[in-house]
**Q** 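Supplied in structure tokens, the structure appears directly below.
Treat the numbers as computed from the prediction; the structure is a model and nothing was measured. In this chain, residues are counted from 1 in sequence order. Remember, it's 1-based here, ligands and their atoms both numbered in the order they're listed.
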Amino acid sequence: MSLFELLKRLSEAPGVSGFEYSVSNIIRDELKNHVNSIQTDKLGNLICVKEGLKEKPTLMIAAHMDEIGLIVKHVDEKGFLRFAKLGGISDHLLLGSRVAIHTRKGIVYGVIGCKPIHLMREEERKQLVPYDKMFIDIGAKSREEAEEFGVRVGDPITLERNLIQLKNNLVCGKAFDDRVGCAILIEVLKNSKPKSRVYGVFTVQEEVGLRGATVSAFSLNPDVGIAIDVTTSADHPEVSEHESPVKVGLGPAILVADGRRDSLAGGLISNINLRNKLIELAERLKIPYQVEVAEGGTTDATAIHLTQKGIPSCVLSIPTRYVHSFSEVLSLKDAENLVKLLTAFVEEEFSP
Ligand code: CO
Ligand code: ZN
């Protein structure tokens, strides 16, 4: 399967935080003949071990399986649903969206309803509708009927979005954060001959606080950690270049530091040797890359590097437009280049 087809399959699969099993099944299937062992831990992380020529130093590469989405919070007597958010979602992206509710009886489709413009008063037209004023219409006539269709409190909800192709090798779809990381990690595990043992860890619950990476890094206690994720690339109108210097299509980004806006607290400062090794490798192999300081967000590598006695870690990411919308845009070229860079990295000697 090409990287495009793999990304399409993973992107269109449902898997909000805590409900990643469909994604996990696809990955298990893709990798079963290509790694030495595959295990699911108690939180749902999928841990794939690929042995190298020697055991040490061990390398953990993490990519998270979960996507941002919603969860059923209440079914009212007329059969309309209220929901909570799983992960960082701007309310204004939700109105009018088509959703899939994953029930015990299968998928039930719905739409996030809103008052039509005709009924809005002048001042209402200028206001943002908060998510707790929204509801989901599944076509049910009553609570009892909604329950008959299989809908229950706690059912996960994903937004309906097929992957589409834009010009110049760009693709657009939901959950590229972080299914593109999953696709890249699958390719690296399939096609590399590691120098030493690699733990390919497809993590759960990143979007609600790096939970899967926290426990898997603790149990594996690797010598080196790398997270593959997306990074914000706002190389488009209405954002000035200095606010978002990384650009789509100019190569994967090698992270220097990330964390909260204004302080870089709560994030990662990449291990200098590891970061320099990745840069040196990209230069030597003539793989395009960008170096980045990312304000406003973090990744699984943050949880990994604070595990046990401290683990030298770095992030490799794919520049992505409209991150955490349900129509993210990235370049397949960047993804292919990251596969190349990471494959070369696992095949070379590196000691932290
Ligand atoms: Co995210
Ligand atoms: Zn992510």
**Q** Please determine if E51 and R197 form a salt bridge, counting it only when a charged side-chain N lies under 4.0 Å from a carboxylate O.
**A**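 Here E51 pairs with R197 in a salt bridge, since their nearest N and O are under 4.0 Å apart.
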
**Q** Between R284 and E280, is there a side-chain N and carboxylate O pair less than 4.0 Å apart?
**A**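 Judged by the 4.0 Å cut-off on N to carboxylate O distance, R284 and E280 do form a salt bridge.
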
**Q** Let me know which of V339, L31, N191 forms a side chain to side chain contact (heavy atoms under 4.5 Å, CB included) with I186.
**A**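 Running side chain to side chain contact (heavy atoms under 4.5 Å, CB included) over V339, L31, N191 with I186 returns exactly one hit, L31.
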
**Q** Could you tell me whether the Co ion (ligand 1) has an N, O or S atom of E207 under 2.8 Å away?
**A**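 Within the cut-off used here (under 2.8 Å), E207 does place an N, O or S atom near the Co ion (ligand 1).
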
**Q** For a distance under 2.8 Å, tell me if D177 has an N/O/S atom near the Co ion (ligand 1).
**A**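 Coordinating: yes.
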
**Q** Does the pair D235/R321 count as a salt bridge with the N-to-O cut at 4.0 Å?
**A**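 Salt bridge between D235 and R321, a charged N being under 4.0 Å from a carboxylate O: yes.
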
**Q** What protein N/O/S atoms sit under 2.8 Å from the Zn ion (ligand 2), by chain and number?
**A**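 Only H64 NE2, D177 OD1, D229 OD1, D229 OD2 fall inside 2.8 Å of the Zn ion (ligand 2).
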
**Q** Under 4.0 Å between a side-chain nitrogen and a carboxylate oxygen: does that hold for R161 and E12?
**A**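 Result for this pair is no, no salt bridge flagged.
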
**Q** Strictly below 4.0 Å, N to O, side chains only: are K85 and D91 in salt-bridge contact?
**A**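 Yes.
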
**Q** Check whether any N, O or S atom of H324, backbone or side chain, sits closer than 2.8 Å to the Co ion (ligand 1).
**A**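 It does; at least one qualifying atom falls short of 2.8 Å.
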
**Q** In terms of the angle between their ring planes, are F135 and F80 parallel, tilted or perpendicular, with boundaries placed at 30° and 60°?
**A**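 It falls in the perpendicular class, over 60°.
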
